[in-house]
Structures are given as structure tokens and as C-alpha cells.
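The next block holds one structure in the form of C-alpha cells; read it before the comments.
These figures come from a predicted structure and were not determined experimentally.
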Amino acid sequence: MESQNYLGIYWSKNAATVVCLKAEGKDRNVLDCFTVVVAPDEENELSNEQRLAKLITQRCSEKELSFSEVSVALDCSMFMQHDIHSEFKDSKQIASTIRFDTEEALATDVSDVAISFKVNSADSNGSDLTVYTAQRKVLSEIIYALQSYNIDPVTIEPDVNCLTGFIENNLSYSDQMRPFFAILSGRSAYLILYPQPTSKPHIRTFLINPGQDRTALILRELPLTMALVQSDEPINCLRFYDAADSLDINSISEKMMIEAGPIDFTGCVGADTTAFDDFANVADFAIAYGAAMINCEKIESVDFRKDFMPYLGKKLKLEKTIKMISVIAVSVIILLGIYFQWNLIKENGYRKDLKKRLSTEYSSVMQGRKMSSRVDPVRKLKIELSRIEAEKSGLLSLTGQASIATKLTLLFQAFNSKASAIDLQINKVSIHAKSISFDGSTSNRKNTLQLFQIIKESKMEILQQKLDAKGGRDNFRLTVAPIK
């Protein structure tokens, strides 16, 4: 079964948490998790983004982590969240007008801002959106820093989207439960509430001051968040995680009159945290895990990068593959061309040598005449051979035509063989270019017919004949020619 590794990076201003997730079929295994930190006051020629990217690359190399795709979860301190209404329901129409709607709602210029959004609900009046905005300059620095170390993130997501993706895909609850999720990391708070089991979550994020009373914070913000959300059924349980481990759960449960319990982020995915060096707090782990899931689970993406610098990695890989295939194909064609051309050159050399020898021999046979390229030499030689054979047999003269001597010879041979037996008399002989005519007589018609037979046996044919009985003899006038 084919497996792939995906890298999720939870990126904040001075730290990054990385999770490498192995996807094999439906199974998801955490290969490793680590956190890298840079001191904000440290003097260095590299920016914080470049130092974080360098540290991530070094740790991945040390741990021999290989991966196919990368997604970044952006810390909530680096973007802003807004609730905005759109007149449209179609996602393409919303995407084409979201910048104008955001600028109108915020009453500020958003030309230097990257915008992403998520549709919470839609009806005949339009759509209610959660819109996220981040400075393009900040996002560009992160992308360029990672690309300088051969890491090109497919998407850059709001951290809350990665966190809700983790919750929806890994935490399970009964249909009777209406949980309220409160996740407190070292510096941020995430309040996630689902009005309906199948509805989009209502999310609030805000920063936590060091030393702040987290119990008082939750007691103040939970009722406020619940009041902002209309729900058919009341929230009946609280699920929480506190990186500082300072929440007074009993006090919260009593005052809110709600059952409360912890979230086991690592246990629900079977991650052994003891095997990870420099392991971050569990909230950061869950966000980085959710970022890795963006590509392997194909969960809903809220991508900042798509707005101003779309990911072209797959397109570039495809173009590179096509170029390689094209280069290989052209090389093969060139090699085949060279191979066949070389064979053609050799064949042409053989033909040239053969033609040269044939031309010399042809000239000798044809009494000095040169071989012409417009005449088939084989056919000419066959004709010449037939002429020579005809000359040898006496049918032709040296000029290629039947000679007078040859014709007379053939005729007299035929006559002398039986002349006395048939009482043959020849009165007149006429020799033409292609035939012989002669007048004569025999003692009777029977002998004349015997003469005809003698002529045919001598390879002659009678072209014309005229017979006449006169003066006691059978007179004839014949035109004969050699049989072709």
C-alpha cells in the first residue's frame, strides 16, 4: 500500500511547531514532532522567518524526515478575523467580490492584505462569512524564507481552521452532546462552539497575557460566546485544554452549571509524546497536526496564499516531468534518426560502389556505351542478351534485324531437304525487311501441301499464299517470315 508523508507547520512570530504525518490508506501516524524557537532580541543578519525556516530544515534533516507536501498554520496573532455578509451564495461570485465587501465592512484599504474566507451559512439573502485578513508582506516573507530552503508550502491557513479540522476529524461525541471547546495555549485562546451538530463552528480567538487568571478569563468569555450564537439546543458540556494547567475546572463547572472534561489531543491520534524531542504544548501539536491534515485528508481549506501567490508546485512538477519526457523523447528520436541515417549512408555507399562496378562492366558489355540513370540497366542488358542469342542462332544480323543471308539460308535449307521429292521449281524470290516472297510450282497439290509442312518445320510461317493449277503443275505464290 502506497504511503505519503505530510508536514504541518504551526508558525508564530518567534517559534514554529512541526508535525510530520504519515498517511497510509486510512491510517494516520505521527512520525515526529518538534518545536524550534528563535530569540527575538538576538542579533542576526537573517530575519526571524529565515532563521525559523533554517531551523526547521536542519531538524528535518537531522531526523531524516521526508515529505511530499507542506502546509502552514498561521498564528492568530498574525491575522484578523471578521464576520461579513455577502449578497451571493455561489463561492466563485463570493471570491470575486469578497475584497470589496471586506473593504466596505472594515472601512479601510485592503490592497496590501491577503484575504481568505469560509462560508458559515447561506440563504436567499446571501451568505454569512468568516473572513480572515493578513498582511501580504508577512506572508511573502514566510513563503520566501521556506522556499529558500526548498520547502514550498501548498497552503497558508489560519490556525483556527487547522484546529477545527483536527477536532472534527479526530474527536468524536454522541449525538446528545453539545460541546463547547476551550483551548488555551501558551499565548492564545480558542473558543469553538457548534450551534448544530452539522453546522459550521462559531470561533473566537484572542491573545492571553502572561500571568492572566485563566479561570476568570473562561468564566467571562464563555457566556459571552454562547450569547452570540443561536442554538436550538443548549450547550451541555465543556471540553478544554490549558497549556498552563491552571484552570479551576470545578469552579467553572459549578458556576456555568455545565459538565466539563479535558481534551486528549495526543491520545485520540495515538501519538507517543515521550518519543518526541523538544515536544511543544499539546495545543500547538494539534494545530500543526491539523495543518498536515489539510492535504492528506483534503479538509476544507481557507488559504491565504491563493489570494496573492497561488501554489504552483504541482504545475511546476508536471511541467518539469513533461520537459524531461520531451527531452528523452527528442533524444530517442535523434538517436533513431542517427541510427537510420547511418544505415542509409552505409547503404548509399554500397549502392555507389556497386553502381560504379556495374557502370564499368556495363560499358564493356555494351561496347563502350555509358550507363544512363534514365534507363534501367538490367532491362537493357536483357535486351542485349536476347539480341546476342538471336545472332548466335542466325535469326538476327549484327544490327539486330533478320539479314537477307539468314532468310535465304533458312529458306533454302527448307527447300533443299525435300526439293526433289516434291518436284519443286522456284521461279522468283523477293526478299523484304521482315518477310520473303517467292513464286514456284510443284507437280501436284499434294506436293504443294507437303512444301507448306516443310516451311513450318523450318520455323517459318506462311503469311500469304496463292495457289493455281496451270499447265499440268500446281503453281503457288507464298509470303513467309521467321516465327517470332
Side-chain angles (χ1 to χ4, degrees), residues 9-17 33 35-42 48 52 73-83 130 132-135 138 157-164 166-167 171 179-194 201-229 235-266 273 278-291:
I9 303 174
Y10 172 38
W11 190 289
S12 60
K13 291 181 179 180
N14 300 312
T17 298
C33 175
T35 295
V36 292
V37 180
V38 296
D41 56 348
E42 181 181 344
N48 278 8
L52 282 175
L74 194 67
D75 184 68
C76 61
S77 64
M78 304 172 73
F79 65 86
M80 297 184 66
Q81 177 180 325
H82 319 275
D83 292 328
T130 298
Y132 303 95
T133 59
Q135 292 296 316
V138 174
E157 306 280 329
D159 57 356
V160 291
N161 187 58
C162 298
L163 185 57
T164 55
F166 180 96
I167 291 173
L171 301 181
F180 191 127
F181 297 96
I183 297 97
L184 307 180
S185 68
R187 55 196 171 273
S188 305
Y190 306 89
L191 304 182
I192 304 171
L193 175 61
Y194 289 85
H202 181 82
I203 303 170
R204 291 184 62 211
T205 63
F206 46 87
L207 300 178
I208 303 175
N209 295 324
Q212 186 173 5
D213 187 343
R214 299 193 172 202
T215 301
L217 176 68
I218 291 296
L219 288 173
R220 182 180 70 248
E221 297 296 337
L222 256 61
L224 178 60
T225 305
M226 294 168 66
L228 295 173
V229 179
I235 302 301
N236 56 20
C237 65
L238 170 66
R239 292 295 176 261
F240 68 92
Y241 170 78
D242 179 20
D245 195 21
S246 62
L247 286 180
D248 186 348
I249 299 304
N250 292 330
S251 175
I252 294 174
S253 180
E254 290 176 2
K255 292 181 179 180
M256 294 292 299
M257 300 182 65
I258 189 172
E259 183 265 331
I263 302 173
D264 186 6
F265 281 119
T266 57
T273 59
D278 300 331
F279 181 68
N281 69 65
V282 178
D284 295 352
F285 164 83
I287 295 172
Y289 189 109

Nearest 0.5 Å please: distance from the CG atom of Leu238 over to the CD1 atom of Ile252. 6.5 Å

Flag yes if more than 12 heavy atoms outside Met256 fall under 6.0 Å of its CE atom; otherwise flag no. yes

If the condition is ring pair (Phe, Tyr, Trp, His ring centres under 6.0 Å), which residues does Tyr241 pass it with, not counting sequence neighbours? Phe265

Test item: Gln81 and Pro158 side chains (from C-beta on) under 4.5 Å apart, heavy atoms: no

With sequence neighbours left out, write down each residue that passes side-chain hydrogen bond (donor to acceptor under 3.5 Å, both in side chains) with Ser251, or none if nothing qualifies. none

Hey, could you give me the CZ/CG distance between Arg214 and Asp245, rounded to the nearest 0.5 Å? 10.0 Å

Partners passing salt bridge (Lys or Arg N to Asp or Glu O under 4.0 Å) against Arg187 (at least two apart in sequence or in another chain): Asp75, Asp284

Going by salt bridge (Lys or Arg N to Asp or Glu O under 4.0 Å), name the residues that satisfy it together with Glu254, two or more places apart in sequence or in a different chain. none

Output all residues satisfying side-chain hydrogen bond (donor to acceptor under 3.5 Å, both in side chains) with Ser188, sequence neighbours left out; order by chain, then residue number. none

Gap between atom NE2 of His202 and atom CG of Asp83 - 0.5 Å precision: 6.5 Å

Could you please spell out the steps behind the side chain to side chain contact (heavy atoms under 4.5 Å, CB included) verdict for Phe240 and Leu184? CA-CA 8 Å; Phe240 68 92; Leu184 307 180; over 6 Å; no

Checking side-chain contact (heavy atoms from CB on, under 4.5 Å) between Ile183 and each of Val282, Asp242, Thr205, Ile167, which is the one that passes? Ile167

Shortest non-hydrogen contact from Ala73 to Ile287? CB-CG2, 3.6 Å

Do Thr133 and His82 get their side chains close enough for a donor-acceptor pair, meaning under 3.5 Å? yes

Measure across Trp11 and Met78 and return the closest heavy-atom pair with its distance rounded to 0.1 Å. O-SD, 3.9 Å

Starting at CD1 of Ile218, measure out to CG of Leu191 and round the result to the nearest 0.5 Å. 5.5 Å

May I ask you to test the Asn236-Ile258 pair for a side-chain heavy-atom distance under 4.5 Å? no

Looking at Phe285 and Cys33, what are the two nearest heavy atoms and their distance? CD1-SG, 3.8 Å

Taking all non-hydrogen atoms of both residues, which atom of Glu259 and which atom of Ser253 are closest, and how far apart? CA-OG, 4.2 Å

My understanding is that only residues two or more places apart in sequence, or in another chain, count here; which of them pass side-chain hydrogen bond (donor to acceptor under 3.5 Å, both in side chains) with Asn14? Asn48

When every non-hydrogen atom of Ile203 is compared with those of Thr164, the smallest separation belongs to CD1-CG2, 3.5 Å

Please tell me if the side chains of Leu171 and Phe181 come closer than 4.5 Å, counting only heavy atoms from C-beta onward. yes

Side-chain heavy atoms of Tyr132 within contact of Leu74, under 4.5 Å: no

Hey, what do you get for CD1 (Ile208) to CG (Leu217), rounding to the nearest 0.5 Å? 6.0 Å

Consider side-chain contact (heavy atoms from CB on, under 4.5 Å). Of Asn281, Thr35, Val37, which one does Thr17 pass it with? Thr35

On a heavy-atom basis, the closest approach of Arg239 and Pro262 is CD-O, 4.2 Å

Using the side chain to side chain contact (heavy atoms under 4.5 Å, CB included) rule, take Asp248 and Asn250 through it: C-alpha gap first, then chi angles, then the decisive distance, then the call. CA-CA 6 Å; Asp248 186 348; Asn250 292 330; 3.9 Å; yes

With distance as the sole criterion, is a donor-acceptor pair present between the side chains of Asp159 and Tyr190 under 3.5 Å? yes

Apply the test side chain to side chain contact (heavy atoms under 4.5 Å, CB included) to residues Val229 and Tyr194: give CA-CA distance (whole Å), side-chain angles for both, the deciding distance (0.1 Å), then the verdict. CA-CA 9 Å; Val229 179; Tyr194 289 85; over 6 Å; no

Nearest 0.5 Å, please: how far is CZ in Arg204 from OG1 in Thr225? 4.0 Å

